[in-house]
There are 2 protein chains.
Amino acid sequence: MRPESRKQEIINAAAILFKEKGYSAVTMRDLAKAMGIKAASLYNHIQSKQEILSTIIIGLAEEFTIGMNKIVNSDENTIQKLENIIDLHIDVTLRNADGLASLNNDWMHLEENNLQYFEKMRQEYEDNFRDIVKKGLEKGEIKPYNVEIMVFSTLSTLRTLYLWYPEQKEIDSDILKRDMISVLLKGVA
Amino acid sequence: MRPESRKQEIINAAAILFKEKGYSAVTMRDLAKAMGIKAASLYNHIQSKQEILSTIIIGLAEEFTIGMNKIVNSDENTIQKLENIIDLHIDVTLRNADGLASLNNDWMHLEENNLQYFEKMRQEYEDNFRDIVKKGLEKGEIKPYNVEIMVFSTLSTLRTLYLWYPEQKEIDSDILKRDMISVLLKGVA
DNA sequence: AAACAAAACTAACAATTGTTAGTTTGATAC
DNA sequence: GTATCAAACTAACAATTGTTAGTTTTGTTT
């Protein structure tokens, strides 16, 4: 076992509860009950409720930031880049669907420093996405629809994957990727 | 002024706050401050915090239910039906973007009866949507991608319109509809 | 079996929560 | 000017919140 093992168990349990009811509606006593211990015992492992939230969200946001930077700086064409973004979202969703609920719905409850850090990463992510689409449009690799609408509709689908995928267990991950790419990109390319 | 005018002002203010922080994180004192009065004074107009939430959500859910029923029972072809669904979402979003935040993120905080009622309406809405896509597929009016993925990606875009549209004031509502239809449907049709 | 650390516990706190009861204000109708 | 009524107020409540301090239990290493 790693030294952080118990802490990670708490964070995982918290992510599930946050997904079901949202950060504010989950009490430390709720979390403790889910762990089978008393609320005060949680504090042997974590510093605060806030620390749990920021651990969940910032880690995921950094994953997206790193993934997006690799894609932007690659020399592939626009369609391939968009496919890689879809890939990135599916991969992260498969690995941590619960945590993505917090990232999507509870980021505003981060405290000052982490809130700013998060908003900066999200802004840069969206800017990178937009740039890819814009350049694709200039090169004629993409149909001339409104850029904002293309970015928005694609991103909103990818962002809500976490809600949907865990229920679709029969769909293979590779089939998901293929059809998702078709549905999201063939209307655009 | 209508007799419910003051109550409606409170509900509108609440919808804005719920959108920003979520139902659980908004206190009655927050809401009172936004209205420029004391928390206790709110209860001259409303019965409970819960009543505010259910008024916002159930009203919108019923709007969607009525709209969808009209579309399903019409004799238009599949693509036209899907266009009408996009229309419906854009119309409701333009009229009540704030309330849609609660419908999307805070429905689980409805109390027992309204929660069941809401979940039933949402289930039927999704079933109707799926049926339209399935029949379109059988008639060959739609490309043969995975039905669930098509339904999911379209619906998740439409459901998050509320997040995005209020910031895009320069885009005309008719242009939005046209491009949204293009992006969402041309990849599918 | 003695020592140690990890992880649980009990008890309590100060602050905040939704809500109530009863009272005062201010405008409109007579 | 007095009665009326909606809509504000003050004061308080019981419950719940995140968190702390100090103590006991548990399991492993010597």
Side-chain angles (χ1 to χ4, degrees), chain A residues 1-58 102 105-115, chain B residues 1-58 102 105-115:
Chain A
M1 317 264 182
R2 308 239 295 290
E4 280 207 334
S5 164
R6 193 66 175 144
K7 180 174 184 172
Q8 196 56 53
E9 283 181 53
I10 291 173
I11 290 170
N12 292 342
I16 293 172
L17 295 180
F18 292 168
K19 179 181 180 181
E20 289 168 355
K21 307 169 56 178
Y23 175 74
S24 301
V26 174
T27 72
M28 297 304 277
R29 285 164 183 83
D30 290 337
L31 178 53
K33 185 167 280 181
M35 293 292 296
I37 61 178
K38 291 295 165 73
S41 305
L42 293 168
Y43 289 84
N44 287 321
H45 308 283
I46 53 132
Q47 286 191 357
S48 63
K49 190 186 179 188
Q50 175 65 214
E51 187 205 8
I52 299 176
L53 184 68
S54 57
T55 301
I56 292 171
I57 293 180
I58 299 298
S102 298
N105 303 319
D106 285 320
W107 57 268
M108 72 285 282
H109 298 118
L110 290 170
E111 36 116 68
E112 195 58 30
N113 283 344
N114 280 324
L115 179 57
Chain B
M1 318 258 183
R2 308 241 295 290
E4 279 207 338
S5 164
R6 194 65 175 143
K7 180 172 183 174
Q8 196 56 53
E9 282 181 53
I10 291 173
I11 291 171
N12 292 341
I16 292 172
L17 294 180
F18 292 168
K19 179 181 181 180
E20 288 168 357
K21 308 170 56 178
Y23 175 74
S24 301
V26 175
T27 71
M28 295 305 277
R29 285 163 182 82
D30 290 338
L31 177 53
K33 185 168 283 181
M35 292 292 297
I37 60 178
K38 291 297 163 73
S41 305
L42 294 169
Y43 290 84
N44 287 321
H45 308 282
I46 54 131
Q47 286 190 0
S48 64
K49 190 185 179 189
Q50 174 66 214
E51 188 206 6
I52 298 175
L53 184 69
S54 56
T55 301
I56 292 171
I57 294 180
I58 299 297
S102 298
N105 303 319
D106 285 320
W107 57 267
M108 71 287 280
H109 298 118
L110 290 170
E111 36 116 70
E112 193 59 31
N113 282 344
N114 280 323
L115 179 59

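Chain naming here is simple, since letters A, B, ... match the order of the sequence lines and numbering starts at 1 in each. Reckoned from all heavy atoms, side chains included, excluding hydrogens, waters and symmetry mates.
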Compare side-chain N and O positions of B/His45 against OP1 and OP2 of D/dA6 and report whether any pair is under 4.0 Å apart.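 For D/dA6, neither OP1 nor OP2 has a side-chain N or O of B/His45 closer than 4.0 Å.
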Does a side-chain N or O of A/Ser41 approach OP1 or OP2 of C/dA7 to a distance below 4.0 Å, or not?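 No, because none of the side-chain N or O atoms of A/Ser41 sits under 4.0 Å from OP1 or OP2 of C/dA7.
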Measure from the side-chain N and O atoms of [X] to the backbone N and O of [Y], and report whether any donor-acceptor pair falls under 3.5 Å.
X        : Y        : result
A/Lys21  : B/His109 : no
B/Glu20  : B/Ala15  : no
A/Lys19  : A/Ala14  : no
A/Glu111 : A/Gln50  : no

Looking at CD1 of A/Ile11 and OG of A/Ser54, how far apart are the two atoms once the value is rounded to the nearest 0.5 Å?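 Answer for the CD1-OG pair, A/Ile11 versus A/Ser54, is 8.5 Å.
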Report the distance from atom NZ of B/Lys38 to atom P of D/dA7, rounded to the nearest whole Å.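 The answer, rounded to whole Å, is 19 Å.
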Pairs where residues 31-46 of chain B contributes a residue and the test side-chain hydrogen bond (donor to acceptor under 3.5 Å, both in side chains) is met, not counting sequence neighbours: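 Counting only pairs at least two positions apart or across chains, no side-chain hydrogen bond (donor to acceptor under 3.5 Å, both in side chains) contact touches residues 31-46 of chain B.
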Run B/Gln47 and B/Ile52 through side chain to side chain contact (heavy atoms under 4.5 Å, CB included) and show every step you take. CA-CA 8 Å; B/Gln47 286 190 0; B/Ile52 298 175; over 6 Å; no
Just report the end-to-end axis angle for the helix from C/dA1-D/dT30 to C/dC30-D/dG1, five pairs per end, to 10 degrees.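 The end-segment axes of the helix from C/dA1-D/dT30 to C/dC30-D/dG1 are tilted 0° relative to each other.
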Interface polar pairs with nucleotides 16-20 of chain D, N/O, under 3.5 angstrom:
residue : atom : partner : partner atom : Å
D/dG18  : OP1  : A/Val26 : O            : 3.4
D/dG18  : OP1  : A/Lys49 : NZ           : 3.0
D/dG18  : OP2  : A/Met28 : N            : 2.9
D/dG18  : N7   : A/Arg29 : NH1          : 2.9
D/dG18  : O6   : A/Arg29 : NH2          : 3.0
D/dT19  : OP2  : A/Tyr43 : OH           : 2.5
D/dT19  : OP2  : A/Lys49 : N            : 2.9
D/dT19  : O5'  : A/Tyr43 : OH           : 3.2

Give a yes or no on whether a donor-acceptor pair under 3.5 Å exists between the nucleobase atoms of C/dA6, that is its base, and the side chain of A/Asn44.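 For A/Asn44, whose side chain was compared with the base of C/dA6, there is no donor-acceptor pair (under 3.5 Å).
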Nearest non-hydrogen partners of A/Met35 and A/Leu42, listed with the distance: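 That closest heavy-atom pairing would be CG-CD2, 4.5 Å.
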